[in-house]
Amino acid sequence: MNELWSLSAQQVSSRVRNGDFTIEDYVFQLLERINAIDDKIKAFITVNDDALETARKIDTKIKRQETIGPLAGVAVGVKDNICTKNIRTTCASKLLHEYKPPFDATVISRLKERDAIIIGKLNLDEFAMGSTTEFGSFGPTHNPWDPNYVVGGSSGGSAASVAASECTVSLGSDTGGSIRCPASFCSVVGFKPTYGSVSRYGLISYSNSLEQIGPIARTVSDIVMMMNAISGHDENDNTTHFQKMYEFSDASDLKKPVRFGLVKELIEGSDPVISRLVYSSMDLLSSAGFKWEEISLNSIDYSLASYYTIAMAEASSNLARYDNLRYGFDCQPEGYEWNSYFSTIRNNFGDEVKKRIMIGSHVLLSGYYSKYYLKAQKIRSILRQEVKKLFKYIDILISPTMPVLPFRLGEGIDNPMKRYLIDANTVIANLIGIPAISIPTGFNDKLPIGVQLMADEMQDQLLLSVSKIYERIAGVRRKPDFI
Amino acid sequence: MTGIVRIGVEIHCQLTGLNSKLFCKCRGDYRNDLPNRNVCPICTGQPGTMPLLNNKAIDYSCMIALALGCTIPSEMGFYRKNYFYPDLPKNYQITQYDSGGIGSVGSNGKLEFGKEYARIRRIQLEEDPGRLIYEGGDMDTSFYTLVDYNRAGTALVEIVTEPDFKDAATVRAFLNKLTSILEHLGVCNTKLEGSVRCDANISIDNGKRVEIKNVGSFREVEKALNFEIIRQESLSSRNIEIKSETRHWDNERKVTKQSRAKEEEQDYKYFLEPDIPIVLLDKSYLNSIQQTMPELPDKRRTRFVEEYHLSDHVSQVLINNKEMADFFESAVRIYSSPKEIANWLVSDLMSYIGVSKTDETSLTDLKIGPRHIAELAKLVDENSISRHTAKSMLNRILRTGEMPSQLVGQFDSSKIIDEKILTKAIEDTFDSERAAVIDASSNPSVINFLLGKVLKLTKGRADPQIALSLIMDKLNKN
């Protein structure tokens with residue numbers, strides 16, 4: 001059977017049950033496809049050698065009519081900062097090139113329990129620090145819509161592999177937009193759930209108080225399917241909400257009228273091509289009977305500064321453990337005095353990571369703590385109050401996911417401030433912990449444009465239902481040319 | 001002239017009563033493991049792991065805070081203390097911190113001991129680092145260093161006092177009281193090596209503060225402080241400036257010496273640990289801790305006086321060592337003669353603890369149990385054996401663990417009450433101690449001397465009461 005790789009997770013799961021095709025065939029096709037096209041995309045860091053073997057095992061279960069999990073056969077790509085037992089997990093950093101975790105992240109064991117197949121590990125910016133997937137030790141990932149353009153980041157491999165149909169769905173992590181940005185740049189759906197609804201156990205920390213694991217897929221329905229597998233309380237993560245398991249519905253029926261609020265500051269700050277497209281989507285929403293209005297978020301001006309201050313501070317501490325004493329790469333400590341070994345090892349971080357560690361250490365110094373870090377936390381709580389107030393009468397906040405179109409690889413790499421600014425729309429959800437999603441909305445020539453929807457904390461179901469409606473209204477059906 | 005000495009102490013107490021480490025499920029007891037066996041991804045700081053707070057450790061730290069009269073906040077949090085050291089798996093330590101925001105488990109407490117008291121500045125719950133093992137004994141003489149992470153992540157409670165002590169002996173008394181509290185709470189077996197560690201700071205005449213570290217035991221704390229007081233006084237008497245510094249106690253040479261490592265003013269870049277949610281310590285929780293808390297030493301002492309009619313002093317001596325107090329109560333439950341049993345413990349058994357090995361010898365190392373003492377007391381009460389015989393029995397039981405009742409025959413311990421035999425012994429004594437017999441008419445205390453001689457002659461078997469009255473009779477006849 002041809003083009004099994006183009007199927008959605010929903011289709012795969014129902015058709016392998018019916019015996020339309022074997023999981024082995026489907027996985028084999030995906031592996032062949034990765035082999036054929038990933039040289040151009042460079043989404044994968046590691047392909048899982050055991051994927052076919054696992055596929056055969058689940059096929060046997062089906063043949064014997066044993067019970068199989070809801071994700072049976074679905075091939076999931078995993079961002080390479082999520083721990084997979086005995087499969088190297090590199091964070092695209094030289095310091096972890098040879099690191100094979102002794103355990104599975106909670107999300108990975110949940111996927112395995114449901115008979116999903118881990119197809120491989122996906123590229124990212126080193127330790128997820130970046131918005132373009134250019135800053136990893138394995139080199140950049142290329143945009144499937146035009147390989148000369150960036151994929152966005154830091155979950156660039158996760159978005160590109162799904163867009164290029166190298167895997168059915170993937171997992172990313174989102175610290176300040178790292179799922180939504182590449183989803184937008186690659187024209188796929190990327191979802192960052194409410195903070196605490198998906199376990200972070202096994203996610204290699206960049207900034208613990210901001211980041212969440214979330215799914216990337218080609219349809220909202222597949223996002224729902226993934227969320228039902230990975231979300232819920234985890235005894236290994238004290239920050240997960242105490243709710244055993246979420247059961248998200250794929251239905252698009254709404255229990256009450258939904259009001260949209262278009263965030264004025266974010267539309268004004270965007271490329272005019274993008275804002276025009278967003279306004280025309282608002283018209284489509286109106287004709288579908290939805291009410292929307294423009295709303296203002298005053299504290300947005302400071303949110304980016306607050307975000308980077310907090311993220312870098314936490315990062316400087318999280319990355320302190322990489323001293324190569326307990327794990328890491330081959331570099332004999334013999335003959336070194338401790339301090340010189342330590343600095344020799346840590347010189348292997350990339351420049352972007354070094355920069356963030358240094359800035360992060362700086363803002364935590366006792367003399368600067370209240371000037372930077374404490375102030376950042378204050379802004380965070382002011383922003384939270386302001387957004388919470390909005391959600392009293394608005395159900396869904398809407399904005400462009402990215403204020404800019406995908407740009408060429410290497411473009412503006414000398415201007416880090418400009419690079420940081422493109423996160424302005426996405427960091428809000430991380431600072432507050434609310435769910436946010438990016439949905440394909442259109443194109444400018446060949447370059448994808450996504451729209452971001454945000455809902456109040458724990459309103460993930462509402463957000464997913466609205467996303468399902470929005471997906472239908474926006475009606476983007478294109479596939480990358482070379483496919 | 002002696003100046004004003006101000007001493008404060010910082011005690012690190014391991015919560016050895018816990019089954020597991022503070023943030024993972026590894027065993028809390030690491031002492032009998034081969035190096036790096038009692039470890040897991042969490043306590044070795046593997047990427048992707050997260051700390052899982054041990055709730056029992058919260059209970060224990062709250063118990064300590066309550067016992068030391070501390071203010072307990074309604075919300076407490078954990079902080080990262082960031083510094084690089086090879087024994088620290090994450091290169092930061094998860095601890096608590098008071099920055100005016102979310103505080104540590106206790107602050108502003110007070111502990112009374114005897115007629116004195118010391119103020120407790122704060123109490124915090126934190127993780128212990130791993131251990132560095134220097135191949136050549138210490139850092140200066142080693143070519144390489146080994147790291148053992150078995151201890152990494154075990155729960156510690158740090159107790160910091162105000163500089164309220166004026167001499168080393170008072171510090172020792174405070175530490176003894178604190179130890180007894182920790183033992184009574186059941187949170188820490190203070191007899192385990194390294195389970196309680198004490199650093200001290202000391203200044204004279206409001207001068208610069210000197211920290212003393214690396215002190216192995218409480219006895220050593222006292223010695224180190226006494227050395228340091230003399231050192232500082234002699235410097236100041238010669239007008240030599242005392243530097244603010246950290247000094248290490250050299251246990252071999254019994255001196256404090258300047259740390260060779262440069263002690264820079266470290267900036268620990270504290271911030272709230274994002275992976276551990278704020279812990280709520282509401283009133284009902286604290287009430288339940290208070291109600292289920294074991295009896296504390298002060299209350300127990302009062303109870304000993306009231307319930308068993310022991311003297312204040314004897315009660316205090318028993319309670320200073322929780323094992324001893326427990327031993328006492330177990331024995332009393334078997335045979336209800338509190339005074340007799342207390343007497344056996346305080347004046348006899350106590351002297352055996354400490355004679356062998358070190359002063360850390362524990363009651364549980366001895367072969368004797370409450371059953372033995374209860375039976376011994378009973379035999380004496382019933383006049384089945386003399387006290388003297390009982391004492392020699394005790395000596396043997398300590399080694400063999402035999403029951404006193406089994407030994408009665410062997411010790412030929414039945415008392416001599418036969419007046420004929422006793423009279424013979426008294427006559428023999430009077431013959432050999434003529435001078436004393438003459439003195440006895442003018443000095444009644446000599447009577448006891450004569451009684452002692454009679455007891456000696458009968459190898460302790462003479463019934464003292466009968467012998468005494470016979471001696472008196474004979475003296476009166478003379």
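Only heavy atoms go into these numbers, but all of them, side chains included; no hydrogens, no water, no symmetry mates.
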Between B:Tyr270 and B:Tyr97, how do the two ring planes meet: parallel, tilted or perpendicular, split at 30° and 60°?
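B:Tyr270 vs B:Tyr97 ring planes: parallel.
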
Students often mix this up, so state it plainly: with edges at 30° and 60°, are the rings of A:Phe138 and A:His97 parallel, tilted or perpendicular?
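Ring orientation, 0 to 90° scale: parallel.
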
Tell me, side chain or backbone of [X] under 4.5 Å from chain B's heavy atoms, or both, or neither?
{"X": "A:Ser316", "answer": "neither"}
{"X": "A:Leu365", "answer": "both"}
{"X": "A:Tyr201", "answer": "both"}
{"X": "A:Glu334", "answer": "neither"}
{"X": "A:Pro102", "answer": "side chain"}
{"X": "A:Glu235", "answer": "both"}

Could you give the distance from [atom1] ([X]) to [atom2] ([Y]), rounded to the nearest 0.5 Å?
{"X": "B:Tyr85", "Y": "B:Gln93", "atom1": "OH", "atom2": "CD", "value": "13.5 Å"}
{"X": "A:Ile108", "Y": "A:Ser199", "atom1": "CD1", "atom2": "OG", "value": "11.0 Å"}
{"X": "A:Ser361", "Y": "A:Arg356", "atom1": "OG", "atom2": "CZ", "value": "14.0 Å"}

Contacting moiety of [X], where chain A heavy atoms sit under 4.5 Å:
{"X": "B:Asp275", "result": "both"}
{"X": "B:Lys81", "result": "neither"}
{"X": "B:Tyr149", "result": "side chain"}

Judged by atom type as modelled, is there a donor-acceptor pair below 3.5 Å linking the side chain of [X] to the main-chain atoms of [Y]?
{"X": "B:Asn82", "Y": "B:Tyr92", "value": "no"}
{"X": "B:Glu126", "Y": "B:Val157", "value": "no"}
{"X": "A:Asn48", "Y": "A:Gly120", "value": "no"}
{"X": "A:Gln212", "Y": "A:Val198", "value": "yes"}
{"X": "A:Asn347", "Y": "A:Ser343", "value": "no"}

Heavy-atom pair with the smallest gap, counting every atom of A:Ser209 and A:Ile310
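Smallest heavy-atom distance, with atoms named: OG-CG2, 3.9 Å.
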
Can you name the nearest heavy-atom pair linking A:Val363 to A:Tyr373, along with the distance?
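For A:Val363 and A:Tyr373, the tightest heavy-atom pair comes out as O-CB, 3.6 Å.
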
Please check if atom NZ in B:Lys56 has more than 12 non-hydrogen atoms from other residues, nucleotides or ligands closer than 6.0 Å.
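Incorrect, the count does not exceed 12.
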
For the interface with chain B, which of [options] has the highest count of heavy-atom pairs at distances below 4.5 Å?
{"options": "A:Asp323, A:Asn236, A:Leu210", "answer": "A:Asn236"}
{"options": "A:Gly367, A:Pro101, A:Gly202", "answer": "A:Gly202"}
{"options": "A:Gln377, A:Arg200, A:Arg321, A:Glu314", "answer": "A:Arg321"}

Can you name the residues of residues 32-53 of chain B that have some heavy atom under 4.5 Å away from a heavy atom in chain A?
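Only B:Pro41, B:Ile42, B:Thr44, B:Gly45, B:Gln46, B:Pro47, B:Gly48, B:Thr49, B:Met50, B:Pro51, B:Leu52, B:Leu53 of residues 32-53 of chain B have a heavy atom under 4.5 Å from chain A.
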
Taking the cut-offs as 6.0 angstrom to the six-membered ring centre and 45 degrees off its axis, would you call A:Lys371 and A:Tyr368 a cation-pi pair?
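No; the conditions do not both hold, so A:Lys371 does not lie above the ring face of A:Tyr368.
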
Report yes or no: do B:Tyr83 and B:Asp267 form a side-chain donor-acceptor pair below 3.5 Å?
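No pair is found: no donor N or O on one side chain lies under 3.5 Å from an acceptor on the other.
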
Sorted by number, residues from residues 76-96 of chain A in contact with chain B (heavy atoms, under 4.5 Å)
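A:Cys83, A:Leu96, listed by number.
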
